[in-house]
Amino acid sequence: MARNDGIDRTVARNQDLETPADVAKVQEHNEREKDSYSNQDIVPERSALNVHFKAPTDDYVKMFEQMEQDGVISTRGLKPDAVKYGELVFDVNSAYFYNHGGYEFAKQFYADAYKAAVEIVGGEQYILSAVMHADERNRAMSEALGEDVYHYHLHVVYIPVVEKQILWSKRCKDEALRGTVKEVITQVSRSKKWESKPVLDENGNPMLNAKGKKILKSSYSVLQDDFFHFMRNVGYTDVERGERGSTEEHLTVTQFKVQAEQQRLEAVTGQVAQAEQSLEDAKAATEKQKKKLEALQKETKAEKTIALTVQDIEAMGKKNALTGNVSLTQDQCETLKRYAVNGIIANADNKRLKEKLASAEKTASIWKQRYDALNEKYQELKKKAQPYLDAVEIASERVRAFLSAVLARGKETRELKTPARKRGQDMEI
């Protein structure tokens, strides 16, 4: 079972192609020979991007027959219904390639994986076709990220072979040859190719079970090990070993989606917090400027009120009808001088206050603009983050409900396990 932890893992699967129909079906799929596919995630426009590390020279069955004729392989001793073809599929979850740049990285990865396949199969001559598919869209991840993401994987169709020693029979005329190796053939054999192997201890000796029999390790488990160690050795140290038969790809896509949304949530939440702080700073600065402005307006108003008393000056003095001169009393003269001096000072102060007022109004306007912009950004980010915050709250409620149910079941279990007499005593107490 896949471990839903978002870790990138290598996956190597082997499947038998038992009948000619199975072989033909795989060939149609791998070589993209069909005009249409039931798999809606195949994008024909991208099929040209599929990469053959070994292209077939003919159809798979004819290639097999030609190899047999050339003596490259032997079917000697095979039963009519024996499995003659196999397919290896090498895979890593789509998120791994997406995070490393996509297509070009996948090409290099599977070029190296093909080298592993050659070692696993036992030689390139036994491989009929090896093709990396780059035209299958990962629907779940594409929908999660809002862009097309493709699932890169490698199909390797091969002939399972083992070396078999043919011995001289007892009927051989030369007694010295009897029981010795007559020839070594490359025999087609699925069962011997994938037979289970003994588990070895630290000294390299087979480990035994309680009954004294060898503990065997599944050949498919060995396949996983071989592929994983090969890819690690050539430099892909950021992947872990996969598990046979797992649904790692599908679970990892879901995990990738969750992780991506969590990262977005963290980023948006951080931006919201930052916007809130900036908004509070802007509010405080705006309020401070507003208070300064109000104080200046009051001060200016007071100065204007004082300035209005200058009108009283016009009523001072008496005009001589003959000479037209105005005569002032001593008190009026002193008052006029005092008002004149105060007027000059007031004008200067009034000009300064007006300039200060204009500057404060400009500053306040700037802060108001910043506040409006930040408030708009904050509302937008808050709206964007709300679904994630709601999801987290719902998840938390479910976790609390789950824990409450577990605790309740635990309490019931403990009560059931308590002896009746003790329960009665507890009740009496």
Between Asp59 and Gln27, is a side chain to side chain contact (heavy atoms under 4.5 Å, CB included) present by the stated rule, with each step listed? CA-CA 8 Å; Asp59 69 52; Gln27 179 177 322; 3.3 Å; yes

Between Asn30 and Glu87, is the side-chain hydrogen bond (donor to acceptor under 3.5 Å, both in side chains) condition met? List the steps. CA-CA 10 Å; Asn30 291 0; Glu87 182 183 34; 2.9 Å; yes

Using side chain to side chain contact (heavy atoms under 4.5 Å, CB included), reason through His29 and Ile42 one step at a time and then give a plain yes or no. CA-CA 10 Å; His29 175 79; Ile42 294 177; 4.2 Å; yes

Start with the C-alpha distance between Glu31 and Tyr60, add both sets of side-chain angles, then the distance that settles side-chain hydrogen bond (donor to acceptor under 3.5 Å, both in side chains), and finish with yes or no. CA-CA 11 Å; Glu31 309 304 330; Tyr60 296 166; 2.5 Å; yes

Step-by-step side chain to side chain contact (heavy atoms under 4.5 Å, CB included) determination, Tyr114 to Glu124: CA-CA 9 Å; Tyr114 174 65; Glu124 191 171 27; 2.6 Å; yes

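Heavy atoms only, all atoms of each residue included: Ile127 and Lys54 are closest at O-NZ, 2.8 Å. Pairing each heavy atom of Asp135 with each of Ser47, the nearest pair is OD2-OG, 2.7 Å. Listed here is the closest heavy atom pair of Leu154 and Phe53: CD1-CD1, 3.8 Å. Across all non-hydrogen atoms, the minimal contact from Ala113 to Met231 is CA-SD, 3.8 Å. Residues Tyr158 and Asn14 share a closest heavy-atom pair of OH-OD1, 2.5 Å. When all heavy atoms of Val26 and Leu17 are compared, the pair lying nearest together is CG2-CD2, 3.5 Å.
Ring planes of Tyr152 and Tyr103: tilted class, angle from 30 to 60°. Classified by interplanar angle (parallel below 30°, tilted 30° to 60°, perpendicular above 60°), the ring pair Tyr96/Phe105 is perpendicular. Relative ring orientation between His155 and His133 is described as tilted, the plane-to-plane angle lying within the 30° to 60° band.
A donor-acceptor pair under 3.5 Å is absent between the side-chain atoms of Lys107 and the main chain of Val51, judged by distance alone. Panel note: side chain Asn50, backbone Ala134; a donor-acceptor pair is recorded below 3.5 Å. A donor-acceptor pair under 3.5 Å is absent between the side-chain atoms of Asp70 and the main chain of Val72, judged by distance alone. Ser74 contributes no side-chain N or O that, together with a main-chain N or O of Gln187, makes up a donor-acceptor pair within less than 3.5 Å. In terms of modelled atom types and a separation under 3.5 Å, the side chain of Lys193 and the main chain of Ile159 share no donor-acceptor contact. Side chain of Lys192 to backbone of Val162: no donor-acceptor contact under 3.5 angstrom is found.
Counting heavy atoms from C-beta outward, Asp91 and Arg13 have side chains that approach closer than 4.5 Å. By the 4.5 Å heavy-atom criterion applied to side chains, Ile120 and Phe230 are not counted as neighbours. Put simply, the side chain of Tyr150 reaches to within 4.5 Å of the side chain of Val43, judged on heavy atoms. Contact of the Leu88 side chain with the Leu223 side chain is registered, since non-hydrogen atoms from C-beta on lie closer than 4.5 Å. Taking 4.5 Å as the limit, every side-chain heavy atom of Pro44 sits out of range of all side-chain heavy atoms of Lys34.
Taking the six-membered ring where the residue is Trp, the centroids of Phe97 and Tyr110 are separated by under 6.0 Å.
Using a 4.0 Å cut-off between charged side-chain N and carboxylate O, Glu240 and Arg232 make a salt bridge. Here Glu18 does not pair with Lys25 in a salt bridge; the nearest charged N to carboxylate O distance is not below 4.0 Å. The residues Glu65 and Lys62 are annotated as not salt-bridged, no charged nitrogen and carboxylate oxygen being separated by less than 4.0 angstrom.
Here the CG-CD distance, from Asp148 to Glu143, works out to 10.5 Å after rounding to the nearest 0.5 Å. Distance check: Leu128 CG to Met63 CE gives 5.0 Å after rounding to the nearest 0.5 Å. With rounding to the nearest 0.5 Å, the separation of NZ in Lys84 from OG1 in Thr75 is 6.0 Å. Considering CG of Asn93 and NE2 of His153, their distance stands at 13.5 Å, rounded to 0.5 Å. The structure places CD1 of Ile73 at 10.5 Å from CD of Gln66, a figure rounded to the nearest 0.5 Å.
Within 6.0 Å of CD in Glu28 there are more than 12 heavy atoms belonging to other residues, nucleotides or ligands. Heavy-atom neighbours of Gln15 CD from other residues, nucleotides or ligands within 6.0 Å: above the threshold of 12.
With sequence neighbours left out, Asn233 forms a side-chain hydrogen bond (donor to acceptor under 3.5 Å, both in side chains) with no residue at all.
No side-chain N or O of Asp22 forms a donor-acceptor pair with one of Tyr85 less than 3.5 Å apart. Between the side chains of Tyr236 and Asp8, no donor N or O sits under 3.5 Å from an acceptor N or O. A donor-acceptor pair shorter than 3.5 Å can be found between the side chains of Tyr98 and Glu147. Residues His151 and Asp41 have side chains that never bring a donor and an acceptor to within less than 3.5 angstrom of each other. For the 3.5 Å distance criterion, the side chains of Arg137 and Ser94 fail to qualify, holding no donor opposite an acceptor.
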